[in-house]
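Each remark here refers to the structure printed beneath this line.
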2 protein chains.
Amino acid sequence: MGRSSRLAFDPIDRAGELWSTHFGDPLSMKVVTSVMRVQQLLLAELDAILKPFDITFARYEVLVLLTFSRNGSLPLSKIGERLMVHPTSVTNAIDRLERQGLVRRVPDASDRRRTLAELTPSGKRLTKRATRALTEADFGITGVPEHAQRQLYDLLRDLRASAGDFPHPDEDVSRPA
Amino acid sequence: MGRSSRLAFDPIDRAGELWSTHFGDPLSMKVVTSVMRVQQLLLAELDAILKPFDITFARYEVLVLLTFSRNGSLPLSKIGERLMVHPTSVTNAIDRLERQGLVRRVPDASDRRRTLAELTPSGKRLTKRATRALTEADFGITGVPEHAQRQLYDLLRDLRASAGDFPHPDEDVSRPA
DNA sequence: GTGATTTACTAGGACTTCCGAGTATTTGAA
DNA sequence: TTCAAATACTCGGAAGTCCTAGTAAATCAC
């Protein structure tokens with residue numbers, strides 16, 4: 001893993017020091033490296049929490065999305081949109097979930113290009129239990145105070161906004177350009 | 001990609017709303033999802049910047065680390081430690097870099113278990129150029145003001161600290177327990 | 001000094017992500 | 001209406017991450 005063998009110092013800070021002696025101001029490099037590292041830590045933690053349920057966080061996200069949908073089913077394309085991943089990633093996830101009996105593929109009569117993914121009863125039960133486990137573990141960020149979580153969310157949201165991840169509130173979507 | 005097809009709303013906010021009606025307080029879930037998403041966006045941006053040089057960010061990190069080392073070479077194990085990735089990930093990266101002629105494997109005479117990865121002249125040149133491209137693009141976070149970057153770095157550092165990512169300053173490493 | 005343990009690297013496999021390309025179906029335009 | 005363009009899904013492949021397990025070499029203990 002990346003986590004277990006801990007150094008006697010913070011490798012990101014160290015990299016920043018070396019960076020500044022070679023290249024210049026390391027702030028943006030440190031920010032980006034930190035994001036990568038935190039993602040790595042969180043994902044490892046989440047997957048560890050979900051391991052007893054034999055799913056990964058990627059597949060858990062699909063299950064939750066289906067739980068939120070009105071009738072427990074969604075076209076694969078919608079899943080990809082909402083989760084912001086490539087269509088082939090959805091195919092891959094649904095393949096595995098279907099093999100595990102947690103989800104079923106159902107043809108969509110109203111548009112025969114589409115395939116719906118539908119939660120099975122077993123899928124619904126597992127999602128409940130997995131969600132309990134994740135919320136009890138606070139998604140792997142217990143120890144981070146609430147105000148810090150809020151600040152973090154806001155800053156990340158600003159970053160996403162400046163990367164064009166979602167429309168600005170003052171952008172009129174109905175009347176483009 | 002996840003980026004191109006933008007929804008008319010923020011999927012993370014929306015997931016938070018749905019989450020709260022089904023399960024409860026979505027703050028930690030929103031924070032974690034945001035980290036995942038930002039990592040995805042940044043990595044895509046960095047890889048796009050590096051595409052003309054025919055390397056990925058993962059391989060770039062290896063090259064920079066070698067640049068920082070005294071003689072342009074390091075044992076693979078050190079690389080894994082510093083980059084906080086699994087030994088097999090290093091093997092994989094070095095395999096590719098070696099195939100590209102950017103790095104050379106050199107046996108370590110002082111410890112014959114070890115293999116050193118050494119920058120080739122071509123590897124050194126490419127690292128310079130790639131670094132220029134990345135710094136000019138501010139590592140994909142142009143548009144994020146400096147104070148926000150600082151706050152973000154500090155919050156992520158706190159999060160890493162609470163996950164035990166590095167020793168606390170008041171922890172005496174030389175005298176364990 | 002010899003044997004057990006630890007360390008370093010690699011091989012193979014699972015999982016996720018992306019991309020490009022191909023097939024089917026629906027929509028839209030002439 | 002008929003043909004072109006857009007949309008939905010899948011297949012195969014590349015790249016990254018991790019894990020388990022195996023071999024070789026160094027270190028530690030007795």
Side-chain angles (χ1 to χ4, degrees), chain A residues 1-5 36-48 50-51 53-62 74-100 103 105-117, chain B residues 1-5 36-37 39-48 50-51 54-62 74-100 103 105-117:
Chain A
M1 219 188 309
R3 201 195 170 295
S4 50
S5 57
M36 302 290 174
R37 176 58 177 162
V38 167
Q39 189 266 354
Q40 181 189 31
L41 288 169
L42 289 181
L43 190 55
E45 181 64 24
L46 295 172
D47 282 344
L50 292 173
K51 191 160 189 66
F53 306 105
D54 202 31
I55 56 170
T56 61
F57 188 62
R59 272 173 275 162
Y60 171 77
E61 287 189 297
V62 173
L74 280 177
L76 302 210
S77 46
K78 283 281 167 238
I79 297 174
E81 264 179 32
R82 287 306 197 83
L83 264 29
M84 295 178 278
V85 295
H86 196 275
T88 52
S89 297
V90 180
T91 296
N92 180 299
I94 297 293
D95 280 352
R96 291 173 200 280
L97 289 169
E98 196 169 28
R99 243 179 279 145
Q100 294 180 273
V103 146
R105 272 188 172 86
V106 181
D108 182 342
S110 76
D111 184 340
R112 301 201 337 274
R113 290 172 302 183
R114 284 188 180 164
T115 303
L116 303 175
Chain B
M1 216 189 310
R3 201 196 170 294
S4 51
S5 58
M36 303 290 174
R37 177 57 176 161
Q39 189 265 354
Q40 182 189 30
L41 288 169
L42 288 181
L43 189 56
E45 180 64 25
L46 295 172
D47 282 345
L50 292 174
K51 190 158 188 70
D54 202 31
I55 57 169
T56 60
F57 188 62
R59 271 173 277 160
Y60 171 77
E61 288 189 296
V62 173
L74 280 177
L76 302 210
S77 48
K78 283 282 167 238
I79 297 174
E81 265 178 32
R82 286 308 196 80
L83 263 28
M84 297 178 279
V85 295
H86 196 275
T88 53
S89 296
V90 180
T91 296
N92 182 304
I94 298 294
D95 280 352
R96 293 175 199 281
L97 289 170
E98 196 170 26
R99 243 179 281 146
Q100 294 181 274
V103 146
R105 273 187 171 86
V106 180
D108 183 341
S110 74
D111 183 341
R112 300 199 339 276
R113 292 171 301 181
R114 285 187 180 165
T115 303
L116 303 175

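Below, chains carry the letters A, B, ... as their sequence lines are ordered, and counting in each starts from 1. Bear in mind that the values here come from a model prediction, so they are computed numbers and not experimental data.
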Check your understanding: Closest to the B:S77 side chain: D:dC18, C:dC9, C:dT17?
Key -> C:dC9

**Study point:** For atom NZ of B:K78 and atom C1' of C:dA8, their distance in whole Å
**Key:** 11 Å

Exercise for review: Compare the minimum distances between each of D:dA25, D:dC18, C:dT25 and the side chain of A:R112, then state the nucleotide with the smallest one.
Suggested key: C:dT25

Practice item. Determine: side-chain N/O of A:Q40 to OP1/OP2 of D:dC18, distance under 4.0 Å, yes or no. Key: yes

Review point. Which comes earlier along DNA chain C counting from the 5' end, the contact point of B:T115 or that of A:A109, where each point is its nearest nucleotide?
Key: B:T115

Practice item. Starting at atom CZ of B:F57, determine the distance to atom P of D:dA14, rounded to an integer number of angstrom. Key: 24 Å

Check your understanding: Phosphate oxygens OP1/OP2 of C:dT16: is one of them under 4.0 Å from a side-chain N or O of A:R96?
Key -> yes

Check your understanding: Expressed in angstrom and rounded to an integer, what is the separation of B:M84 atom CE from D:dC18 atom C1'?
Key -> 16 Å

**Study point:** Whole-Å gap separating P (D:dG16) and CD1 (B:I55)
**Key:** 10 Å

**Study point:** Separation of D:dT10 P from A:R105 CZ (nearest whole Å)
**Key:** 4 Å

**Study point:** Main-chain N/O of B:R113 paired to B:D108 side chain as donor or acceptor, under 3.5 Å
**Key:** no

Review point. Where the side chain of B:T56 is defined as all heavy atoms beyond and including C-beta, which of D:dG16, C:dC15, D:dC9 is the nearest nucleotide?
Key: D:dG16

Review point. Within a strict 4.5 Å, meaning less than it, do heavy atoms of the B:V90 and B:L83 side chains meet?
Key: no

Review point. So do B:Q100 and B:L97 actually touch side chain to side chain, heavy atoms under 4.5 Å?
Key: yes

Review point. So which nucleotide from C:dA8, C:dT17, D:dA8 ends up closest to the side chain of A:A58?
Key: C:dT17

Exercise for review: Kindly indicate whether the side chain of B:M36, heavy atoms from C-beta on, has any atom under 4.5 Å from the side chain of A:L46.
Suggested key: yes

Check your understanding: Between the side chain of A:Q40 and the main-chain N/O of B:M84, is any donor-acceptor distance below 3.5 Å?
Key -> yes

Review point. Mapping B:S110 and B:E61 to their closest nucleotides on DNA chain D, which lands nearer the 5' end?
Key: B:E61

Point to revise | Nearest listed nucleotide, side chain of A:N92, among D:dA24, D:dC11, C:dT16 | key: C:dT16

Check your understanding: Looking at the side chain of B:R114, which of D:dT17, C:dC18, C:dC9 is the nearest nucleotide?
Key -> C:dC9

Practice item. Could you please name the option among D:dA15, D:dC18, C:dA24 that lies closest to any side-chain atom of B:S89? Key: D:dC18

Check your understanding: Any side-chain heavy atom of A:R105 sitting closer than 4.5 Å to one from A:I94?
Key -> yes

Review point. What's the CG-C1' distance between B:D108 and C:dT7, to the nearest Å?
Key: 13 Å

Revision key, fill the gap. Among the nucleotides C:dA8, D:dC9, C:dT26, whichever has the atom closest to the side chain of A:R113 is C:dT26

Check your understanding: Atom CG of B:L50 and atom P of C:dC18: how far apart are they, to the nearest Å?
Key -> 18 Å

Review point. Can you find an N or O donor on one side and an acceptor on the other, under 3.5 Å apart, linking the side chain of B:T88 with the base of C:dC9?
Key: no

Check your understanding: For the pair made of NE2 in A:H86 and C1' in D:dT7, what is the distance, rounded to whole Å?
Key -> 14 Å

Revision key, fill the gap. Side-chain contact check for B:T91: nearest option of C:dC9, D:dC11, D:dT17 is C:dC9

